[in-house]
Number of protein chains: 2
Amino acid sequence: MTITIKDIANRAGLSAASVSRILTNRGRFSEKTAQHVRQLADEMGYYKNQSAADLSQKESRVIGVLVPITHTNFADEIIKGMQGKATELGYELLIAFIASDNQQQLKTIKSLLSRQLLAVVMLAIEIKDNTFKVLENADILLLSVSNQLNNVMPSISSDNYSMMFTIVDYLYQKGHRQIALIGASDQHSTVANLRRQGFIDALLKHKINYNPDFIYGDENAYQTGLNAIQKFGKPLPFTAVIGSADIISIGLLNGAKDAGIKVPDDLSIITIDGTELTELTRPILTAAQQNFAKMGELAITTLAGQKLSPDTVVFTNITLKQGGTVAQLD
Amino acid sequence: MTITIKDIANRAGLSAASVSRILTNRGRFSEKTAQHVRQLADEMGYYKNQSAADLSQKESRVIGVLVPITHTNFADEIIKGMQGKATELGYELLIAFIASDNQQQLKTIKSLLSRQLLAVVMLAIEIKDNTFKVLENADILLLSVSNQLNNVMPSISSDNYSMMFTIVDYLYQKGHRQIALIGASDQHSTVANLRRQGFIDALLKHKINYNPDFIYGDENAYQTGLNAIQKFGKPLPFTAVIGSADIISIGLLNGAKDAGIKVPDDLSIITIDGTELTELTRPILTAAQQNFAKMGELAITTLAGQKLSPDTVVFTNITLKQGGTVAQLD
DNA sequence: TTGAAAGCGGTACCAT
DNA sequence: ATGGTACCGCTTTCAA
């Protein structure tokens with residue numbers, strides 16, 4: 001038998017209403033009885049039945065978080081950021097891992113929607129159209145984190161366009177003129193589109209005509225990096241390469257090693273993301289590091305503020321983190 | 001205004017009771033009205049209010065999962081395994097990331113216990129005593145996954161003792177006689193204790209007296225691997241080393257590289273865990289691979305079966321996965 | 001400051 | 001096959 005508010009009320013010689021008020025710190029009560037009740041609750045091993053509370057209160061403070069089940073190692077950092085702020089502001093996170101499989105996706109979403117949620121936050125999810133419809137119809141706050149989605153729903157992310165200027169400027173200043181971009185070719189991804197456009201424009205700014213062949217690979221995978229090196233062969237037609245995710249860059253690094261290409265002497269690599277993974281390679285990867293923890297925090301504060309419209313776009317800073325994979329050319 | 005079962009009942013000219021029966025597939029009803037109701041529910045955008053359902057039904061099908069917030073990359077694999085089976089058997093997972101900080105730990109647990117849960121599954125968590133007390137008093141099913149905890153609570157894990165025989169036998173057969181074990185020195189961890197004991201006994205079986213100095217490092221961290229190499233210097237007093245986790249082994253590998261020690265020529269490395277991380281190194285790490293996905297599946301089926309006692313111990317298989325970090329000595 | 005009572009949305013028992 | 005109803009545990013008005 002589980003302990004309810006009534007049990008406490010009986011023992012304390014009070015009504016359930018009073019106990020409720022005390023335990024939730026709402027309304028008026030005397031501090032003296034309150035102390036007694038709190039102690040009693042503790043002794044008796046009472047835990048609020050949140051389902052009952054949710055049912056009774058109209059407003060919910062639960063935020064659903066959709067995390068792609070395909071391991072993206074930065075999701076942890078975002079969640080960590082959200083978690084901290086959520087605890088601080090009194091929100092709860094309901095984390096659900098979501099498969100890429102359409103059928104399963106719907107099932108997960110529906111079960112999520114069965115809990116009354118304040119909002120649903122999607123981490124780096126490329127959402128399927130029909131799944132999106134379901135969420136939209138459910139009339140619930142939506143927020144995309146780390147995946148910039150202009151005008152579809154509000155999002156918190158890095159400024160992917162200007163990020164490319166930071167990267168290209170850096171490489172240019174290091175003497176690089178032939179630069180490739182790997183893993184941002186997906187035509188259907190807003191992020192990839194922005195990165196390609198920023199890449200091209202940044203090159204033009206330096207009066208470099210970009211070579212379309214140097215933009216390659218549309219999948220966010222280790223294999224994409226390996227493939228890229230194989231495709232371009234040895235010697236490589238460029239001196240520097242930008243990996244659109246850490247895992248891609250590690251593929252580039254290992255591919256280079258396998259092909260007898262020295263990093264950074266024969267090839268410079270700069271990676272986008274800059275998660276812990278970048279510390280595990282030799283040399284350590286130079287990175288345009290995204291501020292994932294900050295994204296997580298902002299996700300919560302933004303939702304708490306509730307000033308959201310589909311074209312709300314919040315940017316977090318990026319940091320150029322020096323590793324050992326970019327050489328200075330003479 | 002959210003759609004309730006009553007709204008549907010009104011529109012269909014039925015009672016709430018009937019709609020409930022139909023939507024949950026319980027009790028008797030005619031297929032004809034059922035079809036109508038289901039369609040109506042769909043059209044009206046109805047989602048069951050799970051809180052109400054939970055409150056009404058005494059039994060819950062929600063399983064809480066405690067995941068350490070410190071990035072352990074195998075947690076994902078376990079969760080994936082749980083997720084699949086859970087969906088299949090009609091359970092829901094409530095995932096909560098838990099900090100190592102005592103204060104926050106309690107807060108998380110309490111909020112978890114506020115949802116009526118069928119069980120709490122702990123992934124690789126070294127739980128603090130007082131936190132454990134809270135869980136124990138809450139009178140809820142407990143299960144530890146991947147962290148073998150003999151006689152404290154039921155657990156699903158690899159057989160850490162016999163695993164060491166597999167590893168040592170393999171190294172012995174490859175000609176190694178001087179073997180070190182890194183990252184299993186924590187005296188308070190059952191897993192570490194079992195690994196050390198298994199290591200020692202496996203060596204004895206081959207008539208090798210173990211050298212206590214060769215057991216080093218108690219933290220599950222990249223740095224532990226780096227430190228180990230530094231500590232033993234060059235040339236190393238052993239020909240092979242066992243890393244007690246992938247991240248440690250990567251530290252060993254990079255530490256060796258930094259010190260000019262060639263792997264596997266000068267040093268053989270075998271790692272315990274065998275997650276995706278092991279594919280990212282050069283050479284690829286040879287691993288005693290744990291079956292994390294299976295652990296996840298078993299966690300759910302075991303809970304579904306409910307035949308649990310504190311001394312229930314379920315083992316999953318381990319696989320020796322050949323990489324390029326173990327050399328054959330002559 | 002405290003209590004009585006209605007109600008949140010479903011479920012399940014007992015009638016019909 | 002369907003409907004009426006009590007109830008799950010908590011919150012919240014309103015009255016005392």
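Below, chain A is the first sequence line, B the second, and so on; all start at residue 1.
- One can place CG of A:Leu113 at 16 Å from P of C:dG9, the figure rounded to the nearest angstrom.
- With sequence neighbours excluded, the residues satisfying side chain to side chain contact (heavy atoms under 4.5 Å, CB included) with A:Thr312 are A:Pro154, A:Leu308, A:Ser309, A:Val314.
- Axis angle, first five pairs versus last five pairs of the helix from C:dT1-D:dA16 to C:dT16-D:dA1: 30°, rounded to 10°.
- For the pair A:Asn25 CG and D:dC10 C1', the interatomic distance rounds to 16 Å; values are reported in whole Å.
- With a 6.0 Å radius and a threshold of 12 heavy atoms from other residues, nucleotides or ligands, B:Glu31 has its CD atom above the threshold.
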### Query
How would nucleotides 2-9 of chain D be written as a contact map, 5' to 3', with B for base contact, S for sugar-phosphate-only contact and - for no contact, using protein heavy atoms under 4.0 Å?
BBB---BB

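- One atom, CG of B:Leu23, and another, P of C:dA12, lie 13 Å apart when rounded to the nearest Å.
- If you check the side chains of A:Gln290 and A:Ser158, you find a donor sitting under 3.5 Å from an acceptor.
- Put simply, CZ on B:Arg26 is 17 Å from P on D:dA1, counting in whole angstrom units.
- In this structure, B:Arg21 forms no cation-pi arrangement with B:Phe29, as its terminal cationic atom is not both closer than 6.0 Å to the ring centre and no more than 45° off the ring axis.
- The existence of a salt bridge linking B:Arg115 and B:Glu92 is excluded, since no basic side-chain nitrogen approaches an acidic carboxylate oxygen closer than 4.0 Å.
- A:Glu77 and A:Thr275 form no side-chain donor-acceptor contact under 3.5 Å, judged by distance and modelled atom types alone.
- When rounded to the nearest whole Å, the span between CD of A:Glu31 and P of C:dT2 equals 11 Å.
- Between the side chains of B:Gln148 and B:Thr190, not a single donor N or O lies within less than 3.5 Å of an accepting N or O.
- A donor-acceptor contact closer than 3.5 angstrom links the side chains of B:Glu43 and B:Gln39.
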